[in-house]
Enquirer: 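Just passing along the structure, written as structure tokens.
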Amino acid sequence: MAKYNIAVMEGDGIGPEIVKETMKVLRLAEGLFEGLVIDCHYFPVGLSSFNQYGSTLPDETIAGLKQCDAGILGPLTTHAYNTNNPDMVNASGRLRKQFDLYANVRPARTFPGVSSRFENVDLVIIRENTEGMYADRNLYYNTGEFMTDSDTVLSLRVVTRKGSERLAKVGLDLASARHKKLSIVHKKNVLRQGCGLFYDSCHQVGADYPNVYIDDYHVDAFAMHLVQKPEDFDVIVTTNMFGDILSDQAAGLIGGLGLAPGLNVGDSFLLAQATHGSAPDISGKNLANPISEILSAKMMLEWLSIRNNDQYALDAASLIENGVEETLSRGFKTKDLGGNLSTEEFGDHLIEIIKEVKTNKENAIS
Ligand code: ATP
């Protein structure tokens, strides 16, 4: 039997709505697999936490996370935070740094029943998560942007050999388990030292993976290939900001951000977090697509299963994914995908279909 302590943080905007549906699915998964125990612990983050406890990331939340195996985080409306207020920290960035969640794994794949420009997309972008152009990750204090005068700003970018090598290893391990192809995305013709170090580090680690074919692209050329032939790609590794932009672009190719999950991976903690933001335009309206967060939690189970050699978590993850596929292929969709279901209604259909898929799998075996 496997038991996991999971921290749940609802976040801002649509966060509480999509996390609620995610928890419905996780509780169902736990009920369907006798050997899987998921103990959930709710912790405050974001604007509601600030209003109630005076901080967007209270110390109690960090202390609680340290007792857990992994976490689920809803999106945060960080653009509404006052950056001069030390109690309004960007929990997403701070947690990535504090728990050294150095790889942000963002898959993009086509789903049956969802109309998109391409049919056979199945790629994973792995974005470096703790350095790069996100200067707040690089400094003990301050944002990494400097105004030398009122008309000039200097922005800091950090690339390290350690950060690049460990990211490459995540990409190469994943590529080995998938279609054995890794693409390194960089801009080393211009950023010769920073992107050059990233590229060299990836190739150095790649030398230990003779089974993986490695190619590389300048980020601008990659952006074009991605919209022309996304079927060509398997696993992509890239630096922080390139990865942030390209993963949204990839989501656009397969039906939008509502289908875009993500997992922040460190050596001793995992944080499931959809690729998108808090969608203030639809928040509180029961309109958001919860699939992005549900599939993020599914990824969390998958990685927990690999790390703990746990078949129950792997089976639960695979059942959740099959349930999402089946629900979409039967035409049950939220508004962003052209459907008419509310967030909750979609979650309810998914729950029933997951149960059905499980029964069908069992009948097929017996
Ligand atoms: P933030 O400042 O928090 O990043 P944003 O609106 O700038 O918010 P996103 O939240 O990523 O950026 O949203 C971009 C667009 O995608 C919005 O129109 C939003 O409604 C839509 N969107 C994002 N996530 C979802 C979702 N899960 N379901 C449906 N639509 C979504």
Side-chain angles (χ1 to χ4, degrees), residues 9-25 45-50 56-57 72-83 88-96 104 106-109 111 113-117 125 127 129 133-134 136 143 240-241 243-264 271-299 320 324 327-328 332-350:
M9 294 158 286
E10 294 180 325
D12 301 325
I14 60 170
E17 298 163 77
I18 60 174
V19 170
K20 184 175 163 213
E21 300 311 305
T22 303
M23 297 316 295
K24 266 164 50 178
V25 171
V45 292
L47 290 171
S48 61
S49 171
F50 181 77
T56 53
L57 182 60
I72 293 172
L73 176 64
L76 300 161
T77 314
T78 46
H79 67 254
Y81 295 9
N82 174 359
T83 48
M88 289 199 112
V89 295
N90 171 356
S92 175
R94 180 64 66 86
L95 293 177
R96 289 172 189 187
N104 190 191
R106 295 181 157 188
R109 55 160 292 209
F111 281 92
V114 176
S115 65
S116 64
R117 289 167 200 273
I125 294 180
R127 160 194 180 195
N129 219 13
M133 202 70 185
Y134 289 74
D136 60 328
T143 64
N240 200 339
M241 190 173 281
D244 194 16
I245 297 166
L246 293 170
S247 53
D248 268 32
Q249 187 183 337
L253 298 175
I254 52 103
L257 287 169
L259 292 175
L263 185 70
N264 299 287
L271 190 60
Q273 186 185 16
T275 293
H276 55 76
S278 62
D281 51 337
I282 56 167
S283 112
K285 297 181 179 158
N286 203 11
L287 284 176
N289 185 345
I291 293 178
S292 51
E293 197 74 18
I294 291 168
L295 290 181
S296 304
K298 169 241 147 191
M299 291 173 73
I320 293 170
V324 169
T327 308
L328 289 172
F332 295 117
K333 290 183 265 187
T334 43
K335 204 172 165 205
D336 55 309
L337 300 180
N340 57 10
L341 296 182
S342 70
T343 310
E344 280 181 353
E345 286 167 342
F346 178 85
D348 292 341
H349 281 289
L350 176 59

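Every number for a ligand or one of its atoms is a count from 1 in the order of the listing.
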Enquirer: Going by the closest heavy atom to atom 19 (C) of ligand 1, which one wins out of Asp12, Leu259, Asp281?
Expert: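 That would be Asp281.
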Enquirer: At less than 4.0 angstrom from any non-hydrogen atom of Ala279, what atoms of ligand 1 do you find?
Expert: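 Answer, ordered by atom number: 8 (O), 10 (O), 19 (C), 20 (O), 23 (C).
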Enquirer: Any N or O on Gly277 sitting closer than 3.5 Å to an N or O of ligand 1?
Expert: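 N/O-N/O distance below 3.5 Å exists for this pair.
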Enquirer: Donor-acceptor pair, Gln273 side chain versus Pro75 backbone, under 3.5 Å?
Expert: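 Flag not set: sc Gln273 to bb Pro75 has no pair under 3.5 Å.
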Enquirer: Going by side chain to side chain donor-acceptor pair (under 3.5 Å), name the pairs with one or both residues in residues 245-263, residues two or more places apart or in two chains.
Expert: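 As it turns out, the side chain to side chain donor-acceptor pair (under 3.5 Å) pairs with a partner in residues 245-263, which skip direct neighbours, are Arg106-Ser247.
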Enquirer: Does Thr56 reach the main-chain N or O of Val89 with its side chain, forming a donor-acceptor pair under 3.5 Å?
Expert: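 Side chain of Thr56 to backbone of Val89, a donor-acceptor pair under 3.5 Å: yes, one is there.
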Enquirer: Ignoring hydrogens and angles, tell me if any N or O in the side chain of Thr22 forms a donor-acceptor pair with the backbone of Ile18 under 3.5 Å.
Expert: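 Yes, Thr22 side chain to Ile18 backbone: donor-acceptor pair under 3.5 Å.
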Enquirer: For ligand 1, which atoms have a heavy atom of Ser278 less than 4.0 angstrom away?
Expert: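 Within the 4.0 Å cut-off of Ser278, ligand 1 contributes 1 (P), 3 (O), 8 (O), 10 (O).
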Enquirer: Need the ligand 1 atom indices (1-based, order shown) with element for anything under 4.0 Å from a heavy-atom of Leu76.
Expert: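 Answer, ordered by atom number: 3 (O).
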Enquirer: Would you say atom 10 (O) of ligand 1 has a protein heavy atom nearer than 4.0 Å?
Expert: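 Yes, there is a protein heavy atom closer to it than 4.0 Å.
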Enquirer: Take Arg96 and Leu271 through the side-chain contact (heavy atoms from CB on, under 4.5 Å) test and state the conclusion after the steps.
Expert: CA-CA 8 Å; Arg96 289 172 189 187; Leu271 190 60; 5.6 Å; no
Enquirer: So, Glu344 and Lys24, do they make that salt bridge, N to O below 4.0 Å?
Expert: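 Lys24 and Glu344: not salt-bridged.
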Enquirer: Can you list the ligand 1 atoms lying under 4.0 Å from a non-hydrogen atom of Pro280?
Expert: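 In order of numbering, the contacting atoms are 6 (O), 8 (O).
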Enquirer: Kindly compute the distance separating CG (Asn286) from NZ (Lys20), expressed to the nearest 0.5 Å.
Expert: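 One gets 7.5 Å once the value is rounded to the nearest 0.5 Å.
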Enquirer: Counting only nitrogen or oxygen atoms and a 3.5 angstrom limit, does His79 reach ligand 1?
Expert: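 Such a contact does occur with ligand 1.
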Enquirer: For His276, counting its heavy atoms only, list the atoms of ligand 1 lying under 4.0 Å from any of them.
Expert: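 Answer, ordered by atom number: 11 (O), 23 (C), 24 (N), 27 (N).
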Enquirer: At a 4.0 Å threshold, what atoms of ligand 1 neighbour a non-hydrogen atom of Ala288?
Expert: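 Those atoms are 28 (N).
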Enquirer: Out of Leu257, Ile18, Ile282, Asn289, who is nearest to atom 30 (N) of ligand 1 when you count heavy atoms only?
Expert: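 Of the listed residues, Ile282 has the closest heavy atom.
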Enquirer: Has Thr334 got a side-chain atom pairing as donor or acceptor with Thr343's backbone, closer than 3.5 angstrom?
Expert: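 No, because the side chain of Thr334 does not come within donor-acceptor range (under 3.5 Å) of the backbone of Thr343.
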